[in-house]
Undergrad: 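Pasting a structure here, questions to come.
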Amino acid sequence: MVEKIRYATPYGLMVDVYRVDTPAGPVLRAGLEETAKLYGIHDRLVRRRFVAEATGKTEAEVGELILKHGGHETQAVALPAPGSVVFPAYERSLSKPAREALGLWIAHVCAAPSWPERAAGLLNVFDAIMKAGVKAGGRKDEVAVGADIARTLTCILEHLGEQKVDRLDAAAFYALAEHAEWAGAGRQWLAPIRGTWLRDWVAARPVYRQAAQLVSRHRHAPSWLWHHHQQWAAPSRRQSRGRRGRS
């Protein structure tokens with residue numbers, strides 16, 4: 001029996017894979033394009049070359065071609081134990097409605113079966129905090145809103161009890177945590193892909209981009225978590241002639 005399923009790659013994409021029943025048990029198989037994405041080959045032209053070269057090859061040969069074209073297994077980064085816990089003191093500082101909201105957010109995110117679902121839940125939390133910050137005073141107190149985002153996020157992450165980071169969507173949120181140890185682990189995982197997979201992931205999630213900027217008002221966060229410069233492109237000949245004509 002063969003069943004097509006949607007599978008979350010470590011780099012924030014959903015791809016089609018196939019669950020195949022074999023005498024040894026079910027295994028997952030993917031097409032060559034999907035395999036390239038699973039192993040982190042970002043550039044479309046490189047993926048196209050990989051697919052052309054890998055077509056008809058054995059599994060071992062495909063593995064060699066993955067490495068040749070820059071693909072690799074993802075590496076996990078350990079989450080060190082933080083020096084203190086944010087949740088108890090932060091919860092006590094909140095009003096009763098805010099404590100209830102925090103409890104519901106923690107329960108909702110912790111009940112999610114995988115990181116793609118947790119990420120969607122956390123983005124909803126960020127959106128709610130940012131909207132509440134605007135309503136409170138008519139304009140955002142950016143430092144206060146950024147602090148609320150970071151502390152609420154950290155309370156939720158503390159309840160997950162994870163020991164490592166091994167995927168983009170998880171790393172992106174740990175990178176904004178109050179605990180310096182966790183923020184460092186998330187940023188370490190993201191740094192090699194900040195101009196590729198992370199750029200794409202953030203571009204598709206404006207709520208994350210805005211929240212990361214606000215967190216940076218509260219405590220340091222590198223700008224590459226939300227801002228990516230486009231590569232400079234040389235002007236066309238027509239543009240160049242137009243500029244000379246106006247000078």
Side-chain angles (χ1 to χ4, degrees), residues 8 12 79 82 85-112 114-160 162 165 167-187 189-190 193-194 197-230:
L79 288 168
V85 180
V86 169
F87 174 70
Y90 185 62
E91 185 193 37
R92 287 194 299 270
S93 73
L94 299 174
S95 65
K96 183 178 178 181
R99 284 199 303 273
E100 292 174 350
L102 177 60
L104 290 173
W105 289 336
I106 290 171
H108 176 71
V109 174
C110 289
S114 68
W115 257 104
E117 287 87 356
R118 290 174 196 154
L122 287 169
L123 290 175
N124 288 335
V125 171
F126 286 1
D127 192 47
I129 293 172
M130 290 188 291
K131 287 177 179 175
V134 171
K135 289 179 181 177
R139 62 185 294 274
K140 259 189 203 100
D141 178 345
E142 294 188 344
V143 175
V145 175
D148 283 342
I149 291 170
R151 290 166 185 162
T152 300
L153 169 65
T154 304
C155 289
I156 296 170
L157 296 176
E158 286 175 348
H159 281 77
L160 290 176
E162 296 186 308
V165 174
R167 32 183 317 110
L168 185 158
D169 37 20
F173 289 100
Y174 279 99
L176 301 179
E178 279 285 280
H179 300 312
E181 303 92 341
W182 289 2
R187 295 168 194 178
W189 199 95
L190 294 170
I193 59 167
R194 67 188 196 183
W197 297 111
L198 178 63
R199 177 196 63 205
D200 297 348
W201 190 88
V202 173
R205 293 161 179 82
V207 169
Y208 179 89
R209 182 191 298 115
Q210 186 179 3
Q213 289 178 278
L214 290 167
V215 169
S216 75
R217 306 291 194 270
H218 160 61
R219 65 195 309 270
H220 172 72
S223 62
W224 53 259
L225 285 173
W226 69 85
H227 179 68
H228 299 281
H229 292 286
Q230 292 184 341

Undergrad: State the CG-CZ distance between Leu123 and Arg205, to the nearest 0.5 angstrom.
TA: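 These two atoms lie 7.0 Å from each other.
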
Undergrad: Would you call Arg194 and Arg199 a side-chain contact if the rule is heavy atoms closer than 4.5 Å?
TA: no

Undergrad: Check side chain to side chain contact (heavy atoms under 4.5 Å, CB included) between Asp127 and all other residues, then give those that pass, not counting sequence neighbours.
TA: Lys131, Val207

Undergrad: Sequence neighbours excluded, which residues qualify as salt bridge (charged side-chain N to carboxylate O under 4.0 Å, His left out) partners of Arg167?
TA: Asp169

Undergrad: According to side chain to side chain contact (heavy atoms under 4.5 Å, CB included), who are the partners of Pro222, at least two apart in sequence or on a separate chain?
TA: Arg187, His220, Trp224, Leu225

Undergrad: Measure the shortest side-chain to side-chain distance between Ile156 and Leu122 over non-hydrogen atoms and say whether it is less than 4.5 angstrom.
TA: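 Side-chain contact under 4.5 Å: yes.
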
Undergrad: Which heavy atom of Gly121 sits nearest a heavy atom of Val109, and at what distance?
TA: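 Closest approach of Gly121 to Val109: C-CG2, 4.3 Å.
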
Undergrad: Once salt bridge (charged side-chain N to carboxylate O under 4.0 Å, His left out) is applied, do any residues pair with Asp148, and if so which ones, sequence neighbours excluded?
TA: none

Undergrad: With the side chain counted from C-beta on, respond yes when Glu142 and Gln213 share a heavy-atom pair under 4.5 Å apart, and no when they do not.
TA: no

Undergrad: So Val85 and Pro82, do their side chains get closer than 4.5 Å, heavy atoms only?
TA: no

Undergrad: To the nearest 0.5 Å, what is the distance between NE2 (His227) and OG (Ser216)?
TA: 12.0 Å

Undergrad: List the residues meeting ring pair (Phe, Tyr, Trp, His ring centres under 6.0 Å) with Phe126, not counting sequence neighbours, and say none if there are none.
TA: Phe173

Undergrad: So which heavy atom on Leu168 is nearest to which on Ile193, and how close?
TA: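 Reported closest heavy-atom pair: CD1-CD1, 3.7 Å.
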
Undergrad: Locate the shortest heavy-atom distance separating Gly12 from Trp201; write the atom from each residue and the value.
TA: CA-CD1, 4.0 Å

Undergrad: Just one of Thr152, Thr154, Leu157 clears the side chain to side chain contact (heavy atoms under 4.5 Å, CB included) bar with Val86, so which one?
TA: Thr154

Undergrad: Sequence neighbours left out, what passes salt bridge (charged side-chain N to carboxylate O under 4.0 Å, His left out) with Arg219? Give chain and number order.
TA: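 Checked Arg219 against salt bridge (charged side-chain N to carboxylate O under 4.0 Å, His left out); matches are Glu178.
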
Undergrad: Considering non-hydrogen atoms only, spot the tightest contact between Ala177 and Trp182 and give its length.
TA: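 The pair with the smallest heavy-atom distance is CB-CB, 4.1 Å.
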
Undergrad: List for me each residue that meets ring pair (Phe, Tyr, Trp, His ring centres under 6.0 Å) alongside Tyr90, sequence neighbours excluded, and say none if there are none.
TA: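 For Tyr90 there are no ring pair (Phe, Tyr, Trp, His ring centres under 6.0 Å) partners, ignoring immediate neighbours.
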
Undergrad: Kindly write out the residues that satisfy ring pair (Phe, Tyr, Trp, His ring centres under 6.0 Å) with His218, not counting sequence neighbours, or none if the list is empty.
TA: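 With neighbours one apart ignored, the set is empty.
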
Undergrad: Minimum heavy-atom separation for Tyr174 to Gly186, with atom names?
TA: CB-CA, 4.3 Å

Undergrad: Is Leu176 close to Ile149 at the side-chain level, that is, under 4.5 Å between some pair of heavy atoms?
TA: no

Undergrad: Not counting sequence neighbours, which residues clear salt bridge (charged side-chain N to carboxylate O under 4.0 Å, His left out) with Glu162? List them please.
TA: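 Result, salt bridge (charged side-chain N to carboxylate O under 4.0 Å, His left out) vs Glu162: Arg118.
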
Undergrad: For a quick test of your reading: what N or O donor-acceptor pairs under 3.5 Å do the side chains of residues 96-108 make, sequence neighbours left out?
TA:
{"from": "Arg99", "atom 1": "NH1", "to": "Leu94", "atom 2": "O", "distance (Å)": "2.7"}

Undergrad: Tell me, do Met130 and Val145 make a side-chain contact under 4.5 Å, heavy atoms counted?
TA: yes

Undergrad: Taking ring pair (Phe, Tyr, Trp, His ring centres under 6.0 Å) as the definition, give me every residue that meets it alongside Trp189, ordered by chain and number, with sequence neighbours left out.
TA: none

